[in-house]
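Here the structure comes first, spelled out in structure tokens, and everything after it is commentary.
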Amino acid sequence: MSPTDTDTTPPLARLGRILRDNPIIPLIAFLLLLVVALEFMRPGIVMPIRAGREGLISSFWLGNLIKFAIPLAMLAACQVLTMLTAGIDLSVGVVATVAAFVCATLSSTLGVPQAVMIALATGFVVGLVNGFGVGIVRVHPLIMTLGTGLIATGCLQVYQRFTINTGTLIPPFLEWLGTGRTWGMPNGLFLFVPFAIFIIWLMRSTGFGRLLFALGSNEKAAKLSGVKSWQVLMALYALSGLIAALAGLLYLGMIRTPSLNLANPLLLPSVAAAVIGGTSIFGGRGSFAGAIIGALILRVIDTMLTLLQMPEGARTAMFGLIILAVTALYVRITGTK
Amino acid sequence: MTDTPLLDARGVAKSYGAVKALTGARLTVARGEIVALMGANGAGKSTFVKILTGAVRPDTGIITIAGRSARMGSPAQARRAGLVPVYQEPSLIPDLDVAANLRLCDTPVAAFVGWVADLGITGLRLTDLIADLPLATLRILDLARALASDPDVLLLDEMTAALPTDLVENVLRVVRARADLGMGVIYVSHRFTEISALCDRATVLRDGRTVGDLRIEPGVEDRAVELMLGEKIALGAREGAAISARTGTPRLAIRNLAAAPKLADVSFDLHAGEVLGVVALEGQGQDELFDVLAGFRKSTAGTLEIDGQPARFAHPSEAIAAGLTYVPGNRADALMAGRSVRENIALPFSARPRNWGPIKRKMERARTDDAIARLQIDTRAQGEVQRLSGGNQQKVTIGRWLATGVQTLLLFDPTRGIDVRTKRQIYPLVRELAEQGAAVLFYTSELAEVRLACDRAIVIFNGRVVDIIDAARADEPTLMRAAYGLTAAKGAA
Amino acid sequence: MTALIRKHAWVIGLAVLLALLLALTKLIQPNFGAPGLESLARSALPFAFATAAMAVVVIVGGIDLSVASMMAVCAVTAAVLMERMAGVPALMIVLAVGLAMGLVNGALIVLTRVPDIVVTLAMLFVWEGMALLILSSPGGSVAPWLSGATRGPFLIDGLPMALVIMALAIAIVWLPIRRSKLGLAIYATGSDPLAAFRSGVAVDRTKIIAYGICGLFCAMGGLSLAALTGIGEPVPGPYLMASVAAVVLGGVVLGGGKGGLLGSIIAVFILRIIRTILTLMAIDPNVTTIVEGVIMVGVVMLGTALTLRGARR
Amino acid sequence: DYTIGVSNTVQGNGWREEMICAMRAQALVEPDVTGLIVAHRNTDSAGQLEDLNNLIEAGVDAIVLNPSNPDALNSALEAAMAAGIVVVAVDAGVTAEGAYILSNNQEEYAYLGARWLFEQIGGAGDVVYMRGIAGVSADTDRHNGFRRALAEFPNVNVVHEVFTGWQQDQGKQQMFDFLATGIPFDGVWTSGIDNVIVDAFVESGAPLVPIVGADNAGFVGQLQSVEGLAGAAVTNPGSVGGAGIALAVDILNGNAPASNVVLVDPVLWDNTTEDGRATIAAAQNPDLDPEWPVSTQIPGWTDYTLEQIIACEGPA
Ligand SMILES: Nc1ncnc2c1ncn2[C@@H]1O[C@H](COP(=O)(O)OP(=O)(O)OP(=O)(O)O)[C@@H](O)[C@H]1O
Ligand SMILES: Nc1ncnc2c1ncn2[C@@H]1O[C@H](COP(=O)(O)OP(=O)(O)OP(=O)(O)O)[C@@H](O)[C@H]1O
Ligand SMILES: [Mg+2]
Ligand SMILES: [Mg+2]
């Protein structure tokens, strides 16, 4: 049994191994494939183009793709982190919405900095409640976060009644982040790039990240090693709530309308993005880089389907089939689950 | 009887990606024959057993049963062909009760109940949930279920590794009796005593290949070890470990400790520099004792002093903070299967919130590499601990505490499923730790180990310490008698 | 006897809770009687089937996020077919369609090796699209006898027909399975797939069948939707999250192998009657959402705390 | 003294919230109404049946509902009327015999806006058609109106048809995608997801085309303030809910109208005519939640003040 007889393996098997060890590669390849397909479908879309009857517009499709993928990827970060511990956070959509709504309505009365702080604090608080339920009472995360999501929705409904006539204000720096562009790229990247680096660093190079993997792999082993899982889970879900609130603020800047279910539709896609990116819902395995690619893939699929002329039913069905095909292919290539 | 063997497998190969688990394995079993399947950790024994019983598909290989070639597509198919295994891990469904587990395999209940009784398990009800039963009982139920289906060939993969001595004896007796009635047995174990007591013949695997067949006869051990390891290794006795002076404040002073349900009243002292063996039959309270000391369970009575300070743990982290580190008996409890060897070893480093920040890579690498080297962990498949063989996994669980530094080490059957060579590495290592000032509490289900690793041993029976025996006197018959409660109870030290 | 009580403690607790809530309803609204029970049973009908469907797959160790979509497909199929053909054959076809959808879900999970939650998340969209393709806006019609079947009492006053249908339909499908080796295999697979495989269970086949049963229950749920409304609506209703909540509340453990259908169905009634109570008390509907969330989380927290306490002892 | 029950199946969108608040405010100012029970959540027709049955159980005197579907609720509505409960459907119709209907004319809503748009682009050209939720009655009704207008303008061509799900973020993304494809178009018809569409044009720097939306505060503001935007808002007052309450009280008091059906016809406000601009200017309410329709009252029907609907308080 020779351990490293790499030299004798046929090239194809070697390629297989490389793909298996770097699962991000096939994902990126798939993303590029989709983009090429899109360019085929609508020649010129990927390149800067003109729109309307007359004249060029400054909009790059790529910029838009990235712009709308950012909040999705941020919410996917919540899923990746919680899934590492075999959890899930189904409250992120609601939390993002609440943060956006709270921020927009309070900005006009309390001032922007206070509003942003309060908005982030609401996310943090919901996260703490999730952490309490999951970490201390040991409720299944699916149920816990579903429940807090419901409660938060109700609270938002009650709250909005007091703000019907307060007017809304989108903080200018959020508008700048959400709608502005620098060199054709969305300003959201100024928030997102440091964020992504932070999350990847957190997962790979910190003790906290280690413990997330540990809890998902074998909670008993972690306990045996002296880990108090409730501490980790509290911190994790609070962090997740905070991230969701941050994503909500960014989304507010992008959409510029604080609607009562602004970010709710991002919930299922955020789960899908995490999973397409190779995160296991059973815990112990996951990558945020993958989730970012997953979010981009979802957005490209969205665009393709928006542009295809077909009945809405077929469009919806196609969306599902493509998600399934991508993940199945991914699982086949990487041999993971 | 004919000359065609009951089971004949040859040319069996299996690769997992780049790792070749089996390259050319061969094995025959005749009617009434008990064949030991031997090999160092990672030699491919378990893979072979899994292939023979349809749990793993081989890449190549020819299997014939009573002269007819057979294809093992699934465990169910193998079962129908008369090949019934007891795998190393319990294969009973945790959330079903005993009766439902039997129905699942169409096991005749009456026969099963008979075997359970014969194997020495009492008080089992068919309505008991599997998840509530202790590991040793599960192993016996697995065996009884296999026996009840009246197999032609029984395959036992280290089934005695987790069993206390009394149950091992029962297993050996029952298996021998069945073989005498014509059943073929493949017996995987790392314990020479069992193999020489039970088996007729041994097939030795090395690096996935069958390297020899040996008749079991006196003195065969050395030859077997040579074949297994491809090198000579002395099966010598323990290298002169001085019994340390037991003076001063003990590291661990335990007085009248009790924990429901089994631990009734235990008192003893454990000094720094000492390896104290714990000997007990199944379920005498040793599990509870270790659980209490490790912070997994609260004691119901009695006191525990560490270096003269009273202590009481609500969580393992408190025990660890007090210097008590624990290697559990079941390695599945201790390991993160999908993570790397390094991460598994380094896990305790980041346990406390103050260590949640950036990982100190250099320190971590130095300490884990040191632990890996000291235990000689085979790290070829280090990317995921689950790809290591059982023995190497076991070493990782010990390595974790070597890396953090050892004050008081609680070892619960640490050589379970470890091959001879590795055992020979572990005993000196334990002694060395003691000599460097650690205190070690060492429960073992293999009585011979007391002499090889310990200074003295306490014997627990019925939740009480019934004897304290110095290593010099700790031959197996003495220990056995004490473990059965056949000596008068003595007070603690 | 005590062992039996301990084993079913959760279900018994739920039943007691339901009885208390019914009493509370009567207290709030003294007129609450047979018609109230009937409408309660009717409104519980689609939820009960969705929950039964979800329970089966959760027991086998999976989860099916596409239950609501499958119900929508079945509802529109029923409404479209019953406009054109006799009710009974149409009903059979709908059941077959549900079964087939479930089997497809299961087969995809087994074949692709993609986790259940992901496959069914994708299939949620596929079946939803399918429902829209069958009927692009609400319409069709349902055989009058089917609509009528869920109304009124059965034999005696106060025993709602809808309840009887629900109990019969679920019992006819589930009890024989539960008693058979297939039932054991389902629980075994959910509890520990590797051990089940080694015990000779055809794990993959069991999984596919469990998803098939789930689809069958979804078909019943879709039929009940069509029966209640008299038409088919292609947009999935709020049955996914509700069924997950009821299943967990009912004592089925996410992850598989534990629990049963009875507790889950009782949980459905508990969740329904809470809504009735809140409406009767004229509670602000926004507060109602909060109360529902709190109750869901609170009961599960309480249950988890109790079982953990029990396990520690 | 009457207790009125309210049933609604969409939660969290500005239009429906305004409808509920209008109901509360109107119930508050009606002297005969002492109780209001509101069932207001996201659900389907079966869920609305449940709510209706619960309201019947609660012993209300009248039910005002926004039906999820015209045909699906008949069993409960008939049971209600058999129990002597007055039934008023607002916003959309129901087919139950004897129920009163006070409805925004959805078909007319779409027709009016579409016709204006097609005329605006000169009777020929390409338009983007942004619908609501696939498979929902209101969307189907509007689709019929849109098609009616389309039939009158054979030279108008729909280049993109898409469902926004009545969701702001989705609509905005879709518009960005359309702009990015470079396929030219001359006008946009929206089913009420309107202000984000204007934003998408402005943010991407694309030249504006005529846009039709609803009378939501945000869009109405844009019609006045966005440079170069030619657009029209079609009224679709959420306050129809308040009118429903008023109608129910009238019926309870024995003043039933002659016909069971009262259609509230929509009005179109464009910013391309002098009249339209004046109406739009008068309708401005910058403090109002941008998703709320600015037509917070229906003259002749509702009696509450702006403060009362904003307070959103009903009788205890
Ligand atoms: N799924 C797998 N993936 C990678 N490597 C594997 C896999 N299964 C087995 N191996 C490798 O095959 C070799 C043989 O394993 P096997 O379990 O048969 O050894 P063993 O003789 O049972 O060892 P032990 O005595 O430690 O249990 C090991 O080196 C192991 O690393
Ligand atoms: N699913 C799997 N994935 C990876 N490797 C596996 C898997 N199953 C088995 N193996 C490999 O097969 C071998 C079996 O290990 P196992 O613990 O069963 O062996 P064993 O013979 O009991 O060894 P020991 O004597 O050390 O206890 C290991 O070497 C492991 O690497
Ligand atoms: Mg082995
Ligand atoms: Mg082993």
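In what follows, chains are A, B, ... by sequence order, proteins preceding strands, each numbered from 1.
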Between A:Gln231, A:Glu219, A:Arg210, A:Arg204, the one whose heavy-atom pairs under 4.5 Å with chain B are most numerous
A:Arg210
Rounded to the nearest 0.5 Å, the OG atom of A:Ser225 sits from the CD1 atom of B:Ile345 at a distance of 11.5 Å
Region of B:Ala332 that comes under 4.5 Å of a non-hydrogen atom in chain A:
backbone
Which one, B:Arg400, B:Met336, B:Lys360, B:Arg352, leads in non-hydrogen pairs under 4.5 Å with chain A?
B:Met336
So which atom in B:Ser350 and which in A:Gly207 form the shortest heavy-atom distance, rounded to 0.1 Å?
CB-CA, 3.4 Å
Heavy-atom distance under 4.5 Å to chain A: side chain of B:Arg361, backbone, both or neither?
side chain
Distance in Å, A:Thr206 OG1 paired with B:Trp356 CH2, rounded so as to fall on 0.5 Å steps:
10.0 Å
For a side-chain contact (heavy atoms from CB on, under 4.5 Å) check, start with the C-alpha distance between B:Leu347 and A:Leu224, then their side-chain angles and the critical distance, and finish with the verdict.
CA-CA 10 Å; B:Leu347 179 55; A:Leu224 211 76; over 6 Å; no
Check this for me: A:Phe208, atom CZ, are more than 12 non-hydrogen atoms of other residues, nucleotides or ligands nearer than 6.0 Å?
yes
Hey, is the main chain of A:Phe213 close enough, under 3.5 Å, to the side chain of B:Arg339 for a donor-acceptor pair?
no
Of all the heavy-atom pairs spanning A:Ala221 and B:Ala334, show the shortest one and how long it is.
CB-O, 3.2 Å
The interface call for B:Asn355 against chain A, heavy-atom contacts under 4.5 Å, is backbone
Near A:Met117 CE, under 6.0 Å, is it more than 12 heavy atoms from other residues, nucleotides or ligands?
no
Under 4.5 Å from a heavy atom of chain A, the part of B:Ala294 involved:
neither
Where does B:Leu335 contact chain A at under 4.5 Å (heavy atoms): side chain, backbone, both or neither?
backbone
